[in-house]
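Report on the following structure.
These numbers come from the heavy atoms of this one structure, side chains and all, not from hydrogens, waters or symmetry mates.
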Amino acid sequence: MGRNVGEGGALVDWDWWTVDFGDAHAGAAGVLVGGCEPGPVYFDVGSGPDVPSTSHWSAYDGRARRPRAEALRAVCACGWRGPAQYPLDWETIGDQPLYEADVDLTGALADWTAHLSVVCETAVPLPEPLAALLVEMAGQLTATAADAPLAALRAAGVLERIAARVSRQAAGTLCDDGMSAEAVAAALGTTRSKALVLLLTAQDR
């Protein structure tokens, strides 16, 4: 499960994530109360300027004046929302916290997976030799992280610098070709804002 800071500084806990699309299409089970998505849940930790909050579904259990989830549906970081709603059976859940209840998320997961399939259809395919090389490299890095963590960190740093340089070069070519941020976002399976940042960074090169 990953965590991002969402609107208003609320902590967003994502249930599902893929290496192909990263944070742009992280998925989760979203909460519905009265047919609408409630705001984040805040936690009382005493005095202080910062009040922690979350929008993870397990926090909406009606305890401590928090809203109680009526149904769940798939949500994606890109803004997509699943069409199906999955009501929660509170007679079965009882008084136990949601994070301890055996809540079935398979329906929401299947909906989010179907959404990713649509994203994949519009994303540009990787050349097979490059895709195979990335898989092999990921395996070697994972093994090295266990056996020689310092070497793995050094290798990761080298890859980050290579990726940053190649990204600027490729984005620069797209800028020269006049490709729009919308087209780049669809081809990369990312958001328009992230694609725009790539293009603007390349223009400053």
Side-chain angles (χ1 to χ4, degrees), residues 1-32 35-40 53-57 71-86 105 107-135 137-138 156 158-205:
M1 181 173 67
R3 291 184 168 186
N4 288 12
V5 176
E7 296 182 2
L11 192 65
V12 180
D13 296 285
W14 300 105
D15 296 302
W16 313 303
W17 187 90
T18 68
V19 69
D20 282 339
F21 301 112
D23 295 340
H25 288 285
V31 169
L32 290 172
C36 301
E37 294 184 16
S53 62
T54 182
S55 62
H56 193 257
W57 61 270
L72 302 177
R73 69 175 174 183
V75 301
C76 183
C78 71
W80 171 88
R81 296 296 184 264
Q85 299 182 13
Y86 303 93
L105 301 181
L109 174 58
D111 294 341
W112 175 74
T113 302
H115 163 64
L116 278 194
S117 297
V118 176
V119 175
C120 286
E121 290 177 0
T122 59
V124 61
L126 293 178
E128 290 188 8
L130 179 57
L133 178 61
L134 290 174
V135 171
M137 188 176 299
V158 172
L159 287 176
E160 286 179 358
R161 291 185 287 275
I162 293 174
R165 184 189 65 196
V166 172
S167 178
R168 288 193 298 269
Q169 291 175 345
T173 300
L174 296 178
C175 285
D176 295 340
D177 293 341
M179 182 172 287
S180 67
E182 290 80 5
V184 172
L188 299 184
T190 189
T191 61
R192 181 186 180 280
S193 60
K194 290 181 180 294
L196 190 58
V197 168
L198 283 174
L199 297 176
L200 290 176
T201 301
Q203 289 176 354
D204 295 335
R205 71 190 189 280

Results of side-chain hydrogen bond (donor to acceptor under 3.5 Å, both in side chains) for Thr190 - residues two or more places apart only: none
From Leu198, Leu199, Val197, residue fulfilling side-chain contact (heavy atoms from CB on, under 4.5 Å) relative to Thr201: Val197
Nearest atoms (heavy-atom pairs only) where Ala28 meets Trp14: CB-CE3, 3.7 Å
Heavy-atom closest pair, residues Ala29 and Asp15: N-OD2, 3.0 Å
CG of Asp20 to CG of Leu188, rounded to nearest 0.5 Å, is 12.0 Å
Considering all heavy atoms, the nearest Gly30-Val75 contact: CA-CG1, 3.8 Å
Salt bridge (Lys or Arg N to Asp or Glu O under 4.0 Å) pairs touching residues 184-194, sequence neighbours excluded, are Glu182-Arg192
How many angstroms lie between OG in Ser180 and CG in Leu174, if you round to the nearest 0.5 Å? 10.0 Å
How long is the gap from CD on Gln85 to CG on Leu72, to the nearest 0.5 Å? 10.0 Å
Do you know the tightest heavy-atom contact between Trp17 and Gly22? NE1-C, 3.1 Å
Sequence-distant partners of Phe21, ring pair (Phe, Tyr, Trp, His ring centres under 6.0 Å), two or more places apart: His25
For Arg165, give me all partners under side-chain hydrogen bond (donor to acceptor under 3.5 Å, both in side chains), at least two apart in sequence or on another chain. none
Which residues share a ring pair (Phe, Tyr, Trp, His ring centres under 6.0 Å) with Trp57, sequence neighbours left out: none
For residues Ala24 and Cys76, report the shortest heavy-atom separation together with the two atoms involved. O-SG, 4.3 Å
Would a 4.5 Å heavy-atom cut-off, applied to side chains only, mark Arg73 and Asp111 as touching? no
How long is the gap from CH2 on Trp112 to CG on Leu105, to the nearest 0.5 Å? 12.5 Å
Taking distance alone, no hydrogens or angles, what donor-acceptor pairs closer than 3.5 Å link side-chain atoms of residues 113-134 to residues at least two apart or in another chain?
from: Thr113; atom 1: OG1; to: Leu109; atom 2: O; distance (Å): 2.8
from: Ser117; atom 1: OG; to: Thr113; atom 2: O; distance (Å): 3.1
from: Thr122; atom 1: OG1; to: Val119; atom 2: O; distance (Å): 3.0

Minimum heavy-atom separation for Ala195 and Ala185, please, with both atom names. CB-N, 3.7 Å
